[in-house]
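Keep in mind that the numbers below use all heavy atoms, side chains included, and drop hydrogens, waters and symmetry copies. Both ligands and their constituent atoms are indexed starting at 1 by order of listing.
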Amino acid sequence: MTQARITVDRDFTIGDVPRRLFGSFVEHMGRCVYTGIYEPGHPLADERGFRTDVLALVKEMGPTVVRYPGGNFVSGYRWEDGVGPVADRPVRIDGAWHTIETNAFGLHEFMDWAQEAGAEVMEAVNLGTRGVEEARALVEYANHPGGTYWSDLRRKNGAEQPFDITLWCLGNELDGPWQIGGKTAAEYGRLAQESAKAMKLVDPTIELVAVGSSSRSMPTFGSWEHTVLTHAYDEVDYISMHAYYQEHDEDAASFLAESVDMDAFIEGVIATVDAVKAAGKHTKQVDISFDEWNVWDQVRYNEVEAAEIAAAGWRQHPRIIEDTYSVTDAVVVGTLLNSLLRHGDRVKIANQAQLVNVIAPIRAEENGPAWRQTSFWPFERMARLAKGRILRLAVTASQISTKRYGDVDSIDAAATWDEESGRLVVFVANRSLEEQNDLTIDLHGLGDVRLRHAETLTVPEGGDRSTANLETTPDAVHMVPLAAAEVVSGAVRATLPPLSWSVIELDVTRA
Ligand code: AHR
C-alpha cells in the first residue's frame, strides 16, 4: 500500500476557477463535424441536421467554450465558403487532412449548434494563407450590428443579430513545418500584431489568442513565444499552448506522470510571458489559452494513418484519428485536468481536442449510435464540480520511479472550494498500477465537514488497464462509488484503487 497526505487550507487559494478551462474543440477534420455533430439523414438528427443524441452527450459533458473551425484546417480555409445558401457553397480541397470539404456546415450552422449546446464560441481566423483583411472582415461579419457590407451580408444570410463572438484565435500552430502557410516567429509576430490591431478596430471588446508553440518539444519553443510577444504583447490577451500525450513502449509509469510535463510546460510559458512583460515594461498581463490538449497516439498517426489517408484518395469526412481510450488514458486525462486546474490563475482557457470522433470523449457512428469514451468521465466531473476558488494543496506522497520523469508522487491532485455552496471537491489520481493508496486529507480552517459523495474511475471488475468503452460495450468504464472513504476526526481517509482518478466531494457546514 502506498501512502499520501494532502493538506487543504481554505485560505490558501490560487484564484477563481476559470469557467473557460472546460473547453472543447470542433474542427473540420475527419468525422468531427460531418457524421459527428452534424448528420442530416441520421434517424436522430433534428431539422437542422444536428444529431440530437450527440448534442445530449455534449450537454451532459458540459464544455463551456468550443474552438472552431480548426486546427490545421483553418490555415487553408476561406470562411466565406461556409456562409450563404448551402447550394451555392463551393466544394474545396482541404490539404491539411487530405479531405473534400463540401462546406455544407459553416459559421451560421456552428453558431446555432453552439447555442443549442450552451457553449461559448471561440473562432479561429486563417493566418496561414490569408491575413489582416480577411480576419477583420470576419469580425465585421460576425460582430458588427448592420449597415456595412459584411454585417449586411450576415443579415442577408439569416442572422439579423450579430453573433457577438468574444474569443478569437489568431491562426493555428504557425510554428509547425506541417502548417499550411507556416511562418517564422518574426513573420508571425508582426502578422499577429497587425491582425489583432485591425480586428480590435472593428470590435474593441474582443479577446485575442496569439499562437504559441505547437508542443514543448518544438525546437523553437521558448524563443517563439518570446519573439511573438515582443511584437504583439500590447495587442493580444492570451498566448496558446498545445500538448498531446501518449504511452510509449508500454511505459505506463511515465505515461501516468505526464502531468509533470504539463506543469513544467505551463510554468515555462508563464516565465517567458512574464519576461517579455518585464522587459517591455508592460502593465497588463497576458494569460494562457491551452487550446489543444489530450491523449493522442501521434506515433500511429504519423507512421501509419497519415499515409493510409493519402493513399485512399480524396474523400469526404474520412475516419481520422478515432482513437479508442482505455482506463489508463482516462486516468491520464484526469491528471491533465488536475494540472490545468492547478494553474487556473494563468491558464484561463483550455480546450480538450477534440469533441466528437476525432481523439474525442464522444464517439458517434454514421447512421448508428453515439457513446461516451472513458475520457468523457473526468472531463464531465470536473466541468460540473470545480467551482469557486482553486486551492493550493500541500502534498506528501510515496514516490513512483519513472523513466521519463524520475521519481514522481504516487498521487496527482487538485481541489476547489466553493464558499457559496459550502462544497469542497478534491480530484485525485493514484498513479500506481499495482498498489492501493492510503490517502489522508487534512482540512484546515473548514469547521464541520461531511462526506457528500466519493467516486472513482478505475479498472472495472473483469477488465484490465486497457479496457475501453466500445460501441458494443459503451458503459464498460464509468465512475463508480469509492467505498473506502470517510471523515474521521475532521480528516478524510480514503483508499484509492490502483490506477484510478477519484472525486471526493465534501460538505462544509461551518467554515
Ligand atoms: O487536433 C488535431 C490537430 O492537432 C489540429 O488540427 C492541430 O492544430 C494539431 O496539430
Practice task
Check whether any side-chain heavy atom of Glu235 lies under 4.5 Å from a side-chain heavy atom of Lys200, and answer yes or no.
Solution key: no
Problem - Atoms of ligand 1, numbered as shown, that sit under 4.0 Å from any heavy atom of Trp97 - result: 3 (C), 6 (O)
Handout entry: Test ring-ring contact (aromatic ring centres under 6.0 Å, His included) applied to Trp314 - qualifying residues, sequence neighbours left out
Key = His98
Problem - Residue list, ring-ring contact (aromatic ring centres under 6.0 Å, His included) with His282, at least two apart or on another chain - result: Tyr233
Exercise for the section: Would you mind telling me if ligand 1 is within reach of the side chain of Val358, the backbone, both or neither, using heavy atoms under 4.0 Å? Expected result: neither
Among protein heavy atoms, which lies nearest [atom], and at what distance?
atom                   : value
atom 7 (C) of ligand 1 : Asn72 OD1, 3.2 Å
atom 8 (O) of ligand 1 : Glu292 OE2, 2.7 Å
atom 1 (O) of ligand 1 : Tyr244 OH, 2.9 Å
atom 2 (C) of ligand 1 : Gln354 NE2, 3.5 Å

Practice task
Could you tell me the separation between the OG1 atom of Thr458 and the CE atom of Met479, rounded to the nearest 0.5 Å?
Solution key: 10.0 Å
Exercise for the section: Return the option from Arg67, Glu173, Gln352, Glu27 holding the heavy atom at the smallest distance from atom 5 (C) of ligand 1. Expected result: Glu27
Practice task
Examine Phe376 together with His478 and report whether their ring centres are nearer than 6.0 Å.
Solution key: no
Exercise for the section: Please check if the distance between the ring centroids of Phe221 and Phe265 is under 6.0 Å. Expected result: yes
